[in-house]
Amino acid sequence: MLQTDYLRKHRETVAQRLLVKGFHRVELVDQLLEADQQRRHIQSTLDETLSQSKALAKTIGKLMGQGKQEEAQAVKSQTAQLKIKAKTLQEQLNNATAKQHQLLLEIPNLPHPDVPKGKGEEGNVVVKASPPALEEKDQRLLPHWDLAKKYNLIDFDLGVKVTGAGFPVYLNDGARMQRAFVSFFLDQARKQGYQEVQPPLLVNENAGFGTGQLPDKDGQMYHVTQDNLYLIPTAEVPLTNLYGNRILNTREMPVKIAGYTPCFRREAGSYGKDVRGLNRLHQFDKVEIVQIVHPGESYKVLEAMTSYVVSLVEKLELPYRVLKLCGGDTSFAAAMTYDVEVYAKAQKKWLEVSSISNFETFQATRMKLRCKDNHGKKILPHTLNGSALAFPRVMAALLENNQREDKIKVPRVLVEYMGKEFIQ
RNA sequence: GGAGACGUGGCAGAGUGGUCGAUUGCGGCGGUCUUGAAAACCGUUGAGGUUAGUAGCCUCCGGGGGUUCGAAUCCCUCCGUCUCCGCCA
């Protein structure tokens, strides 16, 4: 959520930067400013009315205290009109405020000035990549779904039986590898100073609004209507909202937390595209890292978080590249995002295993999260998060890239967690 | 699920219709004293809106609504917490 004050002062810049994101409904900004102006006008009229009414009430109180009943009664008769006026104004104020708030929720975050223009994938910029791997001469590489079957690691059909497509069942070393990921990624995060947190997997509506999934991505989350709760699409939602409605003091900053959770996504509208095997699922596991920092540090932190994610794929010995997302691909709530992709040799595809974003004050505003600056003044901190990492695509790439004739090599860093060097 | 109690400022805890945004204690911050610290003493210390404003005005005692000239205080409703019973990993 942007701040109205900023919109008022920088309307033109705002309109231009929204265009970078492909957001053309600039009229929303104008409507918002109009609603805001109305609101402020009503507010001051109401304040004045209440002030008069309050003064009269005090007078009555005094007169009653002195036992001057008749005089009190006389003053009472003056209050009726003010009362009606105040009620009308209050209603108007509520309407204007609600309208302003609703418009505010529909306007996406502004992209950082360094975010490249572009509509989709083709506009993203590769900013870093591992040295290109030598082309394998052996072209008989199996895609991970075949390997999963060959070594009995994942059963997709069983998942269909009990739930539906996109809910795989991990078996044997497949299940064990999932567990290895949980431990490995959380151990790594802890070494980086992240506090380990295990959050709820269902969140309320308010949390959904706080991080920006609602109302924008309503249809992408599983909604438990009976209790009006949502299954989390990412740990970002419960983790970041942990700090909602707070004023963090200097000692609590920066906040660095990490959590492992399953994630649930309806993926409505994405059927048929890259959905084979583990590439796109309705339920998957992920370790998420979140930071809440002072505004001046957030872009430095975004780089640091990205480097950390890169260090993970390097430790897993996976070929990777880092993309700076263009405006069109940057999400509703984000100001800047890096994607980290790994290369899956058999599919010959880049798979996104992490997305690291700086939301600046967008989420903080929505969540009413604040901190203090050096002078003790209340300011809005910046929030950031990133996957570190999403399991299924890491597993897909590991299986495909590390396959041998009759086994799959476990990367060195995972051997202690897997308890073996090869999957056979 | 049934019955009851309760929800006040960072925390604890007063306040049951009138000048209460709220007594007090702890904590925090500033100061006096001290070589330094502690103790003691003095002062200060919630949030939001409007505004050029640390001026004024308005709002906020779990959320929402109502009664009243006036509500933290009364009524309704929702949410949450606690206790007892039932059920249960």
Side-chain angles (χ1 to χ4, degrees), chain A residues 1-10 32-104 198-210 214 224-230 238 241-253 255 262 292 361 364-381:
Chain A
M1 190 157 72
L2 299 168
Q3 285 140 284
T4 310
D5 192 47
Y6 183 85
L7 294 176
R8 205 186 306 154
K9 288 173 185 156
H10 307 276
L32 173 76
L33 293 179
E34 201 187 308
D36 178 53
Q37 203 181 355
Q38 269 181 32
R39 197 203 90 241
R40 284 181 295 153
H41 177 71
I42 298 165
Q43 170 88 260
S44 56
T45 317
L46 175 64
D47 282 2
E48 207 177 302
T49 311
L50 285 174
S51 177
Q52 290 171 18
S53 156
K54 223 173 145 174
L56 288 180
K58 276 187 186 174
T59 310
I60 294 170
K62 267 183 200 160
L63 292 172
M64 300 283 273
Q66 295 164 7
K68 298 176 179 169
Q69 297 289 338
E70 307 82 23
E71 287 178 49
Q73 206 59 38
V75 180
K76 255 194 204 181
S77 62
Q78 296 174 36
T79 61
Q81 223 178 348
L82 284 175
K83 218 184 146 184
I84 294 166
K85 192 176 171 189
K87 192 167 183 179
T88 315
L89 284 167
Q90 185 65 58
E91 272 167 25
Q92 287 176 7
L93 181 65
N94 291 348
N95 288 340
T97 308
K99 189 177 173 190
Q100 181 184 357
H101 190 68
Q102 208 203 327
L103 286 165
L104 220 35
Q198 189 175 33
L201 307 182
L202 284 98
V203 292
N204 59 31
E205 219 176 358
N206 192 42
F209 276 101
L214 291 174
V224 181
T225 51
Q226 195 167 18
D227 297 293
N228 198 22
L229 296 172
Y230 293 86
N241 275 289
L242 251 26
Y243 293 86
N245 231 322
R246 284 197 53 191
I247 301 173
L248 294 167
N249 61 43
T250 315
R251 263 168 300 156
E252 295 172 286
M253 298 282 286
V255 170
I292 301 172
T361 60
T365 310
R366 290 186 165 219
M367 292 192 301
K368 293 188 172 60
L369 162 63
R370 281 149 302 162
C371 66
K372 301 224 172 143
D373 69 7
N374 295 333
H375 309 290
K377 208 183 151 196
K378 288 181 289 287
I379 53 166
L380 291 158

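Every chain is numbered from 1, with letters handed out A, B, ... down the list of sequences.
- At a cut-off of 3.5 angstrom, the base of B:G10 holds no donor-acceptor pair with the side chain of A:Asn249.
- Residue-to-nucleotide proximity on RNA chain B shows that, of A:Ser53 and A:Arg40, the 5′-proximal contact is made by A:Arg40.
- B:G27 and B:C20 have their P atoms separated by 28 Å, given to the nearest Å.
- Rounded to whole angstrom, the span from the CD atom of A:Gln100 across to the C1' atom of B:G48 amounts to 14 Å.
- With rounding to the nearest 0.5 angstrom, the CD1 atom of A:Ile379 is 10.5 Å from the CG atom of A:Leu248.
- Within the nucleic acid shown, A:Arg246 has no heavy atom closer than 4.0 Å to any nucleic acid atom.
- Side chain of A:Arg370 to backbone of A:Lys378: no donor-acceptor contact under 3.5 angstrom is found.
- Other residues, nucleotides and ligands contribute only 12 or fewer heavy atoms inside 6.0 Å of the CD atom of A:Gln198.
- In this entry the distance linking CG of A:Asn228 with P of B:G80 reads 12 Å, nearest Å.
- Rounded to whole Å, the P atom of B:U83 lies 23 Å from the corresponding atom of B:C78.
- Each salt bridge (charged side-chain N to carboxylate O under 4.0 Å, His left out) pair with one or both residues in residues 32-61 of chain A, not counting sequence neighbours, appears once here: A:Arg8-A:Asp36, A:Asp36-A:Arg39, A:Asp36-A:Arg40.
- Rounded to whole angstrom, the span from the CD atom of A:Gln52 across to the P atom of B:C69 amounts to 18 Å.
- In this entry the distance linking CG of A:Asn245 with P of B:G62 reads 15 Å, nearest Å.
- Atom-to-atom, CG of A:Leu46 to C1' of B:U51 comes out at 17 Å; the value is rounded to the nearest Å.
- No more than 12 heavy atoms of other residues, nucleotides or ligands shown are found within 6.0 angstrom of NE2 on A:His41.
- The A:Lys83 side chain lies nearest to B:C69 when the options are B:G66, B:C69, B:G49.
- Not a single donor-acceptor pair under 3.5 Å links the side chain of A:Ser53 to the backbone N or O of A:Thr49.
- Annotation: B:C26 and B:G80 have their P atoms spaced 36 Å apart (nearest Å).
- In this structure, A:Ser51 does not reach the B:C57 phosphate: none of its side-chain N or O atoms is under 4.0 Å from OP1 or OP2.
- The closest donor-acceptor contact from the side chain of A:Thr79 to the backbone of A:Val75 lies at 3.5 Å or more, if one exists at all.
- Taking atom C1' in both B:A39 and B:C33, the straight-line distance is 11 Å, to the nearest Å.
- Of the candidate nucleotides B:U50, B:C69, B:A47, B:A47 has the atom lying nearest to any side-chain atom of A:Lys378.
- Taking atom C1' in both B:G43 and B:U50, one finds a spacing of 31 Å when rounded to whole Å.
- Looking at which nucleotide of RNA chain B each of A:Gln43 and A:Glu48 is closest to, the 5′-most match is held by A:Gln43.
- B:A52 and B:A47 have their C1' atoms separated by 22 Å, with the value rounded to a whole Å.
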N/O to N/O distances under 3.5 Å, protein versus nucleotides 16-23 of chain B:
| from | atom 1 | to | atom 2 | distance (Å) |
| --- | --- | --- | --- | --- |
| B:G18 | N2 | A:Ala57 | O | 2.9 |

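- Considering only the side chain of A:Arg370, B:G48 comes nearest among B:U51, B:C58, B:G48.
- For A:Gln37, the CD atom counts as loosely surrounded, since its 6.0 Å shell holds 12 or fewer non-hydrogen atoms of other residues, nucleotides or ligands.
- Within 4.0 Å of A:Ser44, counting heavy atoms only, lies no atom of the nucleic acid at all.
- Smallest separation of non-hydrogen atoms from A:Met253 and A:Pro381: CE-CB, 4.1 Å.
- More than 12 heavy-atom neighbours from other residues, nucleotides or ligands sit within 6.0 angstrom of CD on A:Gln3.
- In this entry the distance linking CG of A:Leu89 with C1' of B:U59 reads 14 Å, nearest Å.
- Nucleotides B:U73 and B:U68 are separated by 16 Å at their P atoms, to the nearest Å.
- A:Asn204 places no side-chain N or O within donor-acceptor distance of the main-chain N or O of A:Leu229, the cut-off being under 3.5 Å.
- Computed from coordinates, the A:Gln3 CD to B:G48 P distance equals 13 Å when rounded to whole Å.
- Using atom P as the reference point in both B:G9 and B:G13, the two lie 11 Å apart (nearest Å).
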Dot-bracket line, read 5' to 3' along RNA chain B, where crossing pairs take [ ] and | marks a partner on another strand, Watson-Crick or G-U under 3.5 Å: ((((((((.[[[..)..(.....]]]((((((.......))))))(((((.....))))).[[[[[..)....]]]]])))))))....

